[in-house]
Amino acid sequence: MVATRPPLITDDELDDLEREAIGRVRGRVLEIGAGEGENFGAFDPEVEWIGLEPDSDRRRELAQRAREWKHARDPLDAVAERIPLDDASVDAVVGTYVLCSVTDQATALAEVRRVLRPGGTVVFVDHVAAPPGTLKRGIQRVVTPFSRRYCHGCHWDRDTGAALAAAGFEADQARLVRVPSFPFGPTRVLVFRGRVPGEVA
């Protein structure tokens with residue numbers, strides 16, 4: 001049986017999927033690798049937002065934008081592999097284009113599980129590796145040492161869906177799509193919303 005290719009969508013359609021997934025989280029929300037606050041407009045205005053961003057330049061911009069969006073707490077200066085929060089202390093964890101760049105995916109996801117309360121939600125959006133044995137996968141493997149060095153640690157060859165499953169997260173909703181990318185053709189992106197099985201809110 002030939003596997004069905006994920007649908008090819010526009011960047012605007014992908015933005016809509018991201019905003020819909022992020023907009024459904026509630027309560028005390030940790031955003032890892034929050035960058036410069038690109039996701040503020042997607043969050044429900046009632047969430048208690050906590051941002052985590054290790055890059056000092058981005059964190060300064062993030063702090064300013066957080067105040068503009070009426071979030072009182074300063075962003076945390078930390079990496080996802082060492083989240084400075086108590087166990088079971090947040091209702092949801094959000095990360096967009098972050099799991100591609102963490103140093104250790106397994107450790108970061110273990111930390112996400114630790115700080116997430118039972119029944120809590122995770123939302124992750126990330127580009128993912130092309131299928132094994134394809135030319136695109138080979139190109140991603142060759143490019144990754146350069147993207148890791150010059151693109152904020154980005155790994156183009158990571159199978160983030162498999163990493164989420166290995167960490168114990170089960171999808172409530174997962175969309176695998178393709179978006180146009182130059183010069184090597186469409187890139188796969190995973191929009192994942194889930195939780196740990198057996199943990200009930």
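Here the structure is a predicted model, which is why all the values come from computation and not from measurement.
- A side-chain N or O of Glu18 and one of Tyr97 form a donor-acceptor pair less than 3.5 Å apart.
- To the nearest 0.5 Å, the span separating CD on Glu53 from CG on Asp74 amounts to 14.0 Å.
- Under the 3.5 Å distance criterion, with hydrogens and angles disregarded, no donor-acceptor pair is assigned to the side chains of Asp86 and Ser89.
- At least one donor-acceptor pair closer than 3.5 Å links the side chain of Arg113 to the backbone N or O of Ala167.
- Asp91 places a side-chain N or O within donor-acceptor distance of the main-chain N or O of Arg28, the cut-off being under 3.5 Å.
- Between the side chain of Glu81 and the backbone N or O of Thr103, at least one donor-acceptor pair lies under 3.5 Å.
- A distance-only check finds no donor-acceptor pair linking the side chain of Thr107 to the backbone of Asp104 [under 3.5 Å].
- Considering OG of Ser56 and CD of Glu61, their distance stands at 12.5 Å, rounded to 0.5 Å.
- Under the 4.5 Å side-chain heavy-atom criterion for ILVMFWY residues, no single connected hydrophobic cluster contains both Val128 and Leu8.
- A donor-acceptor contact shorter than 3.5 Å is absent between the side chain of Asn39 and the backbone of Ala42.
- Here the side chain of Arg178 pairs no donor or acceptor atom with the backbone of Ile9 at under 3.5 angstrom.
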Checklist entry - Would Ile50 and Leu76 satisfy side chain to side chain contact (heavy atoms under 4.5 Å, CB included), going step by step from the backbone distance to the final call? => result CA-CA 8 Å; Ile50 304 170; Leu76 301 171; 3.9 Å; yes
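- Here the straight-line distance linking atom CG of Asp126 with atom CZ of Phe192 works out to 12.0 Å at 0.5 Å rounding.
- A donor-acceptor pair under 3.5 Å links the side-chain atoms of Arg114 to the main chain of Leu85, judged by distance alone.
- Shown are Ile22, Val123, Ile32, Val191; of these, the side-chain contact (heavy atoms from CB on, under 4.5 Å) with Thr96 is made only by Ile22.
- Checked by atom type and distance alone, the side chain of Asp44 never pairs as donor or acceptor with a backbone atom of Arg26 at under 3.5 Å.
- A distance-only check finds a donor-acceptor pair linking the side chain of Glu111 to the backbone of Ile83 [under 3.5 Å].
- Distance alone, capped at 3.5 Å, is enough to place a donor-acceptor pair between the Arg65 side chain and the Gly37 backbone.
- At a threshold of 4.5 Å between side-chain heavy atoms, the hydrophobic network of Ile, Leu, Val, Met, Phe, Trp and Tyr places Leu17 and Phe43 in two separate groups.
- Taking the six-membered ring where the residue is Trp, Phe40 and Trp49 present perpendicular rings, their angle passing 60° and hence far from 30°.
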